Amino acid sequence: MIEINDFSFKYQNSHETAISGLSLEIADGDFIGITGTSGAGKTTLTFALNGIIPQKIKGDFYGRILIDGKDTIEHEAEEFALSVGEVFQDIDSQMVASIVEDEVLFGLENFGIPHEEIGVRFEKVLNELGISDLRDREISSLSGGQKQKVAIASILALEPKYIVLDEPTGELDPESSRDIFNLLKKLNEEKGVTVVIVEQKIMLLCEYVKHLLVLDKGEKVFYGTADDMVGAIDKFKTIGINVPRVAELSSRLIEAGIYHGQVTLTVDDAEKMVKEIITE
Ligand SMILES: Nc1ncnc2c1ncn2[C@@H]1O[C@H](COP(=O)(O)OP(=O)(O)OP(=O)(O)O)[C@@H](O)[C@H]1O
Ligand SMILES: [Mg+2]
C-alpha cells in the first residue's frame, strides 16, 4: 500500500506550491487514474510515489508518504526503484541506451534479475507490446509512439509491484492506447499489479480504472469511482476537464431522477440507457 498523508510540495526554485495537502491511500491491487489540466500537479505526484521527490528533486516537502510502510523521506529513491516502476512523461529522460534491446535489458541486468529469467522476460514483454520487430532499432529512429512502447516495456520487464505511468499514450493512436490499457488491466487483474496512470483521455480512463483522482492547482478536487462522478460534472467542467458526453448525459438523467442505473461511459451503454428509459 502507498499512503499519502497531508502531502504538500513546493519546488526549490518555485514560488507556487505544486501539491497542497493531499491525502490518499493506494491499496494493493488498485487501478487509479489521475487527470487534471496542465500544471495541476500530476507529474509532481508521480515523482512523490517512488521517492524521486524528495530524494532526487529537492524542495519544501510536508507530510508523509509511506511505500509499504517505508517513509520516502528516510529511504533512498533506489530502494523503491524495483517496487515502484515509473514510465516518465518525458520518455527521452528515461532512455539510457541507443538500441531498443539494450534499453529493455538495461534494467533487467542492473536490478540483478536472474540470468536465466532475463531472456524469458525480454521476449515476453516485447511480444506483449507488439514491438518484437523493433529490438535491433536505434531508439533515435523510432516514432514517438514506438518510443513510448519501448519505455513501457523496459518498466514492465522489471515486474514491479506498483506501476506508475505518466501520460504513456500521448503519442499513441486510439487503438494502441487501448492496447496499453488492456495490457495494464490484464496485469492488474491477473497478477495483482497496482496501476497508477496519468491520462488526459478521461473517457478511456473511466472505462478502465477502479478509482479516479482529479487534481486542480495541486489540490484533490475529486476522488472516487466513475459512478461517483454524478453530481461532480459541473465541477469538472468549471476546472476545464472534458467530461465524456455520455457520462454527462447519464449523470444529468440520474440527478433528475429519470434514470436509475449507473453512469454510462460508452456509447453502447448510453444507447442501452436510452432504450431502458423509453421502454419504462
Ligand atoms: N522542476 C520544476 N521546478 C519548478 N517548478 C516546477 C517543476 N516541475 C513542475 N513545476 C511546477 O509545479 C506545478 C505542477 O507541475 P506538474 O508538472 O506536476 O503538473 P502536471 O499536472 O503534470 O502538468 P502537465 O499536464 O503539463 O504535465 C506547475 O505549476 C509547474 O510549473
Ligand atoms: Mg505532467
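Order of appearance sets the numbers: ligands from 1, and atoms from 1 within every ligand. Given the structure is predicted, the values throughout are model-derived calculations rather than measurements.
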Q) Between E276 and K272, is there a side-chain N and carboxylate O pair less than 4.0 Å apart? A) no
Q. Among all protein non-hydrogen atoms, which one is nearest to atom 4 (C) of ligand 1, and what is the separation to 0.1 Å?
A. N13 OD1, 3.1 Å
Q: Measure I19 to ligand 1 on non-hydrogen atoms and call it side chain, backbone, both or neither using the 4.0 Å cut-off.
A: neither
Q | Atom of I241, atom of T35 and distance for their closest heavy-atom approach | A | CD1-CG2, 4.3 Å
(Q) I need the atoms of ligand 1 closer than 4.0 Å to a non-hydrogen atom of Q200, numbered in the order shown. (A) 25 (O)
Q. Is there at least one protein heavy-atom neighbour under 4.0 Å from atom 19 (O) of ligand 1?
A. yes
Q | Lys/Arg-Asp/Glu bridge criterion (N-O < 4.0 Å) met for E78, K56 | A | yes
(Q) Would you say the Mg ion (ligand 2) has T46 as a near neighbour, meaning an N/O/S atom of that residue under 2.8 Å away? (A) no
Q) Do any of the N, O or S atoms of Q89 sit under 2.8 Å from the Mg ion (ligand 2)? A) yes
Q) Out of K42, Q12, Q89, whose heavy atom sits nearest atom 25 (O) of ligand 1? A) K42
Q) Does K147 pair with E171 as a salt bridge, N-O distance under 4.0 Å? A) no
Q: Considering heavy atoms of the protein only, find what lies nearest to atom 29 (O) of ligand 1 and give residue, atom and distance to 0.1 Å.
A: G39 O, 4.1 Å
Q.
For E16, which part has a heavy atom under 4.0 Å from ligand 1: side chain, backbone, both, or neither?
A. neither
Q. Does atom NZ of K161 have more than 12 heavy-atom neighbours, drawn from other residues, nucleotides or ligands, at distances under 6.0 Å?
A. yes
Q. Does R178 pair with E207 as a salt bridge, N-O distance under 4.0 Å?
A. yes
Q | Salt-bridge contact R135-E123 (side-chain N to carboxylate O under 4.0 Å) | A | yes
Q | Heavy-atom protein neighbour under 4.0 angstrom from atom 6 (C) of ligand 1 | A | yes
Q: For T44, take its heavy atoms, then give the atoms of ligand 1 lying under 4.0 Å from any of them.
A: 14 (C), 15 (O), 16 (P), 18 (O)
Q. Do you know the tightest heavy-atom contact between I155 and P160?
A. O-CD, 3.4 Å
(Q) Give me the residue, atom name and distance of the protein heavy atom closest to atom 26 (O) of ligand 1. (A) S38 OG, 2.6 Å
Q) Do D228 and T225 have a side chain donor and acceptor closer than 3.5 Å? A) yes
Q: Answer yes or no for G36: is there a heavy-atom contact with ligand 1 below 4.0 Å?
A: no
Q. Quick one: nearest non-hydrogen protein atom to atom 2 (C) of ligand 1, plus distance?
A. Y11 CD2, 3.4 Å
Q | Proximal ligand 1 atoms for T43, defined as those under 4.0 Å from one of its heavy atoms | A | 17 (O), 18 (O), 20 (P), 22 (O), 27 (O)
